Amino acid sequence: MDHSKTSLIDRAGLDRKKVVAHVGRGLEGADDGELFLEYRQSEVLYYDNGRLKQATYDTAQGFGLRAVKDEAVGYAHASDLSEAALARAADAVRAVKGGYSGHYAKAPGRTNRRLYSDDNPLDAPGFETKVKLLEELDAYARAKDPQVRQVSASVAATWQVVEILRADGEIYRDIRPLVRLNVSIVAGDGDRQETGSHGYGGREGYARFIETGAWHGAVDEAVRQALVNLAAVPAPAGEMDVVLGPGWPGVMLHEAVGHGLEGDFNRKKSSAFAGLLGQRVASAGVTVVDDGTIASRRGSLSIDDEGTPTNRTVLIEDGILVGYMQDRQNARLMNMKPTGNGRRESHAHVPMPRMTNTYMLAGKHEPGEIIASVKNGIYAVNFGGGQVDITSGKYVFQCTEAYRIENGKVGAPVKGAMLIGNGPTDLHRISMIGNDFALDAGIGTCGKNGQGVPVGVGQPSLRMDRITVGGTGGE
């Protein structure tokens, strides 16, 4: 059966009128809520050390029924798409309301915008073509440099069909492809070994991933990083000026600032940005946007998981806080408009305000001019993991590729550099913004409250003054 054309309700053999009746009964007297239906196919092929280590294929489906009463939420979910399961779910979510009687919120607006194709990337090319791609990638990587000791690579795809049914019978539908390729390299010199990795992805089919040029570039970049790290010296420690590279380093902005601009943290006043709308929160020239409307991007959605069309939401404009990312519940409770940021990992999860593609806009400085302005500092080009405390804004980020800057020139690569600071404070320490804006290559996954969703990040080169660098080399 062609799932892209057939309603999930019809596919499950359910009577549409009865489904609407169950949803209506479950949401009677609620402020808001919906039935979220999902069908998902996913595959992962993992190639390690010259052989196919893992090949998995999975099909999942189910529903989640949510009733929203003021700040409370009743949620019931099941992988069994049946009338009996729906009836039980309606009973369960009704319980949260007690004697409460709200006014059911108006349905989201409609959009005809399509940011990606309905085509299922799992349909083509065939399994053998994907295995051959990984074999060729492995051989190419090993031939790149004699110091390459280990190669790991993976391709992964999902194809998700979602339907959102509201109590008034309104149905919203979206079909979402997602593909990603990743390469990880270990290079060695004697007893020393270092890693490098690169990947790319988006809401599209496999065509761009099979093309030689694209995966050659990913392997070249992973090998380059590993060899750079092999030559790295211990990072200095202390307070110094830091230049961040364009693109993926926007993950630091995402973590240290983006989460603090999500509606739920601000409604509960647990964000360092709570109550600061209209106030200066960053240096002049800093404009931060969350944009779910960029075609084919990993973090983009035609509609969010509540049916609201995604938006280009300006969060910080020229240093002034002008907006938050909102789902429907937090928008209503804060007397604001939903921004299309209600997202969930699957039918088993409640939606909440989440980022899509979050980035800082370009400035006017040439990247070379920014580096030339630094007497003693660090040039951070790639990042690994990080930790952030939303309430205080404190963060720690590990640099996976970084260099010394001495007297305005990029010097030796350094190993073990960590950036330590406070997001809201350090927004005021941005003194130069580059004209080289770039989005990441399409590999980001964001975690919040145990849920993971695909996201995008981006930024131009930035100079940040007097940032604490944790390292092993002393100053």
Side-chain angles (χ1 to χ4, degrees), residues 9 18-38 62-78 85-111 162-174 261-271 274-275 277 292 301 303-311 313 323-354 448-449 451:
I9 294 170
K18 288 181 179 176
V19 171
V20 172
H22 284 305
V23 173
R25 183 171 65 84
L27 304 188
E28 184 185 1
D31 292 324
D32 204 358
E34 71 288 304
L35 176 69
F36 180 88
L37 300 135
E38 176 190 29
F63 73 84
L65 181 63
R66 179 179 68 145
V68 180
K69 162 201 157 181
D70 197 29
E71 292 190 24
V73 173
Y75 199 70
H77 62 89
L86 269 173
R88 288 193 297 273
D91 291 339
V93 301
R94 278 176 68 85
V96 79
K97 297 199 311 305
Y100 182 85
S101 182
H103 179 67
Y104 190 61
K106 203 170 101 180
R110 295 281 181 179
T111 178
V162 303
E163 277 173 19
I164 297 145
L165 172 67
R166 294 182 51 79
D168 50 16
E170 288 282 312
I171 290 186
Y172 299 76
R173 181 177 168 86
D174 198 18
L261 299 177
E262 291 168 337
D264 48 353
F265 293 129
N266 287 279
R267 177 175 66 80
K268 296 168 186 173
K269 303 211 168 6
S270 58
S271 165
L277 272 180
L301 296 169
I303 57 172
D304 73 4
D305 293 325
E306 299 177 307
T308 307
T310 51
N311 271 295
T313 304
Y324 297 127
M325 291 166 276
Q326 298 285 14
D327 63 356
R328 289 174 61 87
Q329 181 185 22
N330 284 281
R332 187 182 73 257
L333 294 170
M334 295 177 76
N335 199 25
M336 295 179 175
K337 286 185 175 175
T339 56
N341 289 90
R343 304 189 63 188
R344 57 181 114 200
E345 182 178 319
S346 75
H347 67 272
H349 300 85
V350 292
M352 54 187 163
R354 303 294 300 270
K448 178 179 174 180
N449 293 359
Q451 293 192 41

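This is a predicted model, so every value here is computed, not measured.
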Shortest non-hydrogen pair, Ala167 vs Gly24, comes out as CB-CA, 4.3 Å
Closer than 4.0 angstrom, basic N to acidic O: yes or no for Glu262 and Arg343? no
I'd like to check the side chain to side chain donor-acceptor pair (under 3.5 Å) partners of Asn330; sequence neighbours left out, ordered by chain and number. Arg267, Asp327
Rounded to the nearest 0.5 Å, what separates atom CE in Met325 from atom CG in Asn311? 12.5 Å
Who passes salt bridge (Lys or Arg N to Asp or Glu O under 4.0 Å) against Asp168, sequence neighbours left out? none
With a 3.5 Å cut-off and no angle check, do the side chains of Asn341 and Thr339 form a donor-acceptor pair? yes
Is any side-chain heavy atom of His347 closer than 4.5 Å to one of Val162? no
Of all residues at least two apart in sequence or in a different chain, which pass the salt bridge (Lys or Arg N to Asp or Glu O under 4.0 Å) check with Glu163? Arg173
Counterpart residues, salt bridge (Lys or Arg N to Asp or Glu O under 4.0 Å), relative to Arg166 (two or more places apart): Asp32
Donor-acceptor check, side chain of Ser271 to backbone of Phe265, threshold 3.5 angstrom: yes or no? no
Under 4.5 Å between any side-chain heavy atoms of Arg94 and Glu28, yes or no? yes
Are the side chain of Thr310 and the backbone of Leu301 linked by a donor-acceptor contact shorter than 3.5 Å? yes
Do Asn266 side-chain atoms and Lys269 backbone N/O form a donor-acceptor pair below 3.5 Å? no
Salt bridge or not for Arg354 and Asp264, using N-O below 4.0 Å? no
Side chain Tyr104, main chain Leu27, donor-acceptor under 3.5 Å: no
If you define the side chain from C-beta out and look only at heavy atoms, does anything of Pro351 sit under 4.5 Å from Gln329? no
Of the non-hydrogen atoms in Tyr172 and Ala107, which two are nearest, and what is the gap between them? OH-CB, 3.3 Å
Side chain Lys448, main chain Pro353, donor-acceptor under 3.5 Å: yes
Begin from the C-alpha positions of Lys106 and Glu170 and carry the test salt bridge (Lys or Arg N to Asp or Glu O under 4.0 Å) through to its verdict. CA-CA 11 Å; Lys106 203 170 101 180; Glu170 288 282 312; over 6 Å; no
Candidate list His349, Glu345, Met352, test side chain to side chain contact (heavy atoms under 4.5 Å, CB included), partner Asn449, passing option: Met352
Partner set under side chain to side chain contact (heavy atoms under 4.5 Å, CB included) for Val350, not counting sequence neighbours: Val73, Tyr75, Gln451
Thr308 and Ile303: side chain to side chain contact (heavy atoms under 4.5 Å, CB included), yes or no, with the steps? CA-CA 5 Å; Thr308 307; Ile303 57 172; over 6 Å; no
Could you give the distance from NE2 (His77) to CG (Leu35), rounded to the nearest 0.5 Å? 13.5 Å
Beyond-backbone contact of Ile171 with Ile164, side-chain heavy atoms, under 4.5 angstrom: no
Distance-minimising heavy-atom pair for Gly342 and Asp304: N-OD2, 2.9 Å
Are Glu306 and Arg66 close enough for a salt bridge, meaning some N to O gap below 4.0 Å? yes
What verdict does the side chain to side chain contact (heavy atoms under 4.5 Å, CB included) test give for Tyr324 and Leu277, after you've listed the backbone C-alpha separation in whole Å, the side-chain angles of each residue and the deciding distance to 0.1 Å? CA-CA 9 Å; Tyr324 297 127; Leu277 272 180; 3.7 Å; yes
Should the pair Arg344 and Phe36 be classed as cation-pi, given the thresholds of under 6.0 Å to the six-membered ring centre and 45° from the axis? yes
Does Phe63 form a side chain to side chain contact (heavy atoms under 4.5 Å, CB included) with Glu38? I'd like the steps, not just the answer. CA-CA 6 Å; Phe63 73 84; Glu38 176 190 29; over 6 Å; no
Give the minimum heavy-atom separation between Ala331 and Pro338, together with the two atoms involved. CB-N, 3.5 Å
CZ/Arg332 to CD/Glu71 distance, rounded to the nearest 0.5 angstrom? 9.5 Å
For residues Leu37 and Ile9, determine if any side-chain heavy atom of one lies less than 4.5 Å from a side-chain heavy atom of the other. yes
Should Glu34 and Leu165 count as side-chain neighbours, where that means a heavy-atom distance under 4.5 Å? no
Please enumerate all residues that pass salt bridge (Lys or Arg N to Asp or Glu O under 4.0 Å) together with Asp174, with sequence neighbours excluded. Arg114, Arg176
Taking all heavy atoms of Ala90 and all of Arg25, pick out the closest pair and write down the distance. CB-NH2, 3.4 Å
